[in-house]
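Here is the structure we will look at.
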Amino acid sequence: MKHRLVAADMDGTFLDGRGGIPEGFWELYPRLVQAGIVFVPASGRQLATLQDLFGPLGQDLNLIAENGTVVYSEGQVVSTTPMRAHSVHAIIDAAQAAPSRMEMVICTPTMGYVNSPDILDEVSKYYHRVSTVADLHEAVDDCVIKVALYSAEDAETVAAPLLRAAAPEERAVVSGKHWVDVMSPEANKGRALTQLAHALGVEQRNTVAFGDYLNDLEMLRAAGTSYAMSNAHPLLKESADHIAPPNTEAGVLTVLESLLA
């Protein structure tokens, strides 16, 4: 099979145990280009954050940001998927009334809005463009693409059920032990992968995807070939075609080397 597009989740998948780009990638990347393979970071992170991380690759990046709600190809945003404004207001009210600590980032394609300096340390590595507002409701308009919520308690068992009850028209996806992303039900990384492949003229069967957590599930199912990291959530391991070495051992790079060979 001719592999032409590789989409890789970032945290827990492509990035190393310290959250950095693994050694060897900058040397490997030109070989991917020479082989006609497009490398696509696919993350819950902000578009601006991915642009900063991969800026050395040049301006013509292809990126899936904000868990698929923003698709960026060769210098421009080609797709966004906004939420319903009334759902965002309901999420804010429910999270602020929760008995345990829950902090939020109200996300637009270009900015993340928070209302507490306490969350800045948590969000700084995911969101490089952040603005603090007195009232999160003031940041809500028709351009909100995602609400990222940090929960002091377990996200899958505590925060996700609360958010699903508050905004049943939207989709709450657990993206980490303490993080839940709420988006339009039409948005996910799998749909974004399909959109990007179409924009680049790549057949779906020629795509490869790597992931480790539940927000990667649709992407792995949409790809022609899928890899779950050995450190992945059990459901991803059940769904993937193959298991890759863990992110702490540069598992994505190891598989890419084998594909190039």
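D154 is linked by a salt bridge (Lys or Arg N to Asp or Glu O under 4.0 Å) to K177, counting only residues two or more places apart in sequence or in another chain. Applying the salt bridge (Lys or Arg N to Asp or Glu O under 4.0 Å) test to R101 and every residue at least two apart in sequence or in another chain returns E103. Annotation: ring-ring contact (aromatic ring centres under 6.0 Å, His included) contacts of Y127 (sequence neighbours excluded): none. Take H128 and apply the ring-ring contact (aromatic ring centres under 6.0 Å, His included) test, not counting sequence neighbours, and it matches no residue. By the ring-ring contact (aromatic ring centres under 6.0 Å, His included) test, H242 pairs with Y227, sequence neighbours left out. Shown here are the side chain to side chain contact (heavy atoms under 4.5 Å, CB included) partners of A250, two or more places apart in sequence or in another chain: P22, L253.
Residues V252 and L61 share a hydrophobic cluster, clusters being chains of Ile/Leu/Val/Met/Phe/Trp/Tyr side chains in contact below 4.5 Å. When hydrophobic clusters are built by joining Ile, Leu, Val, Met, Phe, Trp and Tyr residues whose side-chain heavy atoms come closer than 4.5 Å, directly or via intermediates, M83 is grouped together with L136. L200 and I37 end up in different hydrophobic clusters when Ile, Leu, Val, Met, Phe, Trp and Tyr side chains are linked at under 4.5 Å. Criterion: ILVMFWY side-chain heavy atoms under 4.5 Å apart, direct or through other members. Under it, V208 and F25 are part of a common hydrophobic cluster. Linking Ile, Leu, Val, Met, Phe, Trp and Tyr whenever their side-chain heavy atoms come within less than 4.5 Å leaves V33 and L5 in two separate clusters.
The closest donor-acceptor contact from the side chain of S226 to the backbone of D241 lies under 3.5 Å. A donor-acceptor pair under 3.5 Å links the side-chain atoms of R84 to the main chain of E169, judged by distance alone. T69 places no side-chain N or O within donor-acceptor distance of the main-chain N or O of T81, the cut-off being under 3.5 Å. Looking only at distances, no side-chain donor or acceptor of R221 sits under 3.5 Å from a matching main-chain atom of G190. Judged purely by atom type and a 3.5 angstrom limit, S239 has no side-chain atom pairing as donor or acceptor with the backbone of L236.
A salt bridge (charged side-chain N to carboxylate O under 4.0 Å, His left out) check over residues 184-195, counting only residues at least two apart or in different chains, returns the pairs D9-K189, K189-D216. Screening residues 20-31 for side chain to side chain donor-acceptor pair (under 3.5 Å), with sequence neighbours left out, gives R31-E257. The list of ring pair (Phe, Tyr, Trp, His ring centres under 6.0 Å) pairs with a residue in residues 155-206, not counting sequence neighbours, reads Y126-W179, Y150-H178, Y150-W179. Judged as a salt bridge (charged side-chain N to carboxylate O under 4.0 Å, His left out), not a single pair has a partner in residues 32-44 (not counting sequence neighbours). Residue pairs meeting the ring pair (Phe, Tyr, Trp, His ring centres under 6.0 Å) criterion with at least one member in residues 68-124, sequence neighbours excluded: H89-H137. Sorted by first then second residue, the salt bridge (charged side-chain N to carboxylate O under 4.0 Å, His left out) pairs that include residues 132-152, not counting sequence neighbours, are E66-K146, K146-D181.
If you check the side chains of S87 and E170, you find a donor sitting under 3.5 Å from an acceptor. Using modelled atom types, one finds no donor on one side chain facing an acceptor on the other under 3.5 Å when comparing T13 with N247.
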>> Run the side-chain contact (heavy atoms from CB on, under 4.5 Å) test on L163 and V147 for me, step by step, so that the C-alpha distance in whole Å, both residues' side-chain angles and the decisive distance to 0.1 Å come before the verdict.
In response: CA-CA 10 Å; L163 298 178; V147 177; over 6 Å; no

>> Using side-chain contact (heavy atoms from CB on, under 4.5 Å), reason through V182 and L149 one step at a time and then give a plain yes or no.
In response: CA-CA 8 Å; V182 187; L149 183 138; 5.9 Å; no

>> side-chain contact (heavy atoms from CB on, under 4.5 Å), that's the test. Do V6 and F210 meet it? Break it down for me.
In response: CA-CA 8 Å; V6 173; F210 296 83; 3.6 Å; yes

> Are S151 and V180 close enough, and set up right, to give a side-chain contact (heavy atoms from CB on, under 4.5 Å), and what steps lead you there?
Replying inline: CA-CA 8 Å; S151 171; V180 180; 5.9 Å; no

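T80 approaches P109 most closely through the heavy-atom pair CG2-CG, 4.0 Å. Across L214 and E218, no two heavy atoms sit closer than the pair O-OE1, 4.2 Å.
Between V88 and I106, some side-chain heavy-atom pair lies under the 4.5 Å cut-off. Side-chain contact between K125 and L15 is absent, with no heavy atoms from C-beta onward closer than 4.5 Å. Looking only at side-chain heavy atoms (C-beta outward), L63 and Q51 come within less than 4.5 Å of each other. Using a 4.5 Å heavy-atom threshold, the side chains of N67 and S175 count as touching. Annotation: side chain of R4 is not in contact with side chain of V38 (no heavy-atom distance under 4.5 Å).
A 6.0 Å sphere centred on CZ of R129 holds no more than 12 heavy atoms belonging to other residues, nucleotides or ligands.
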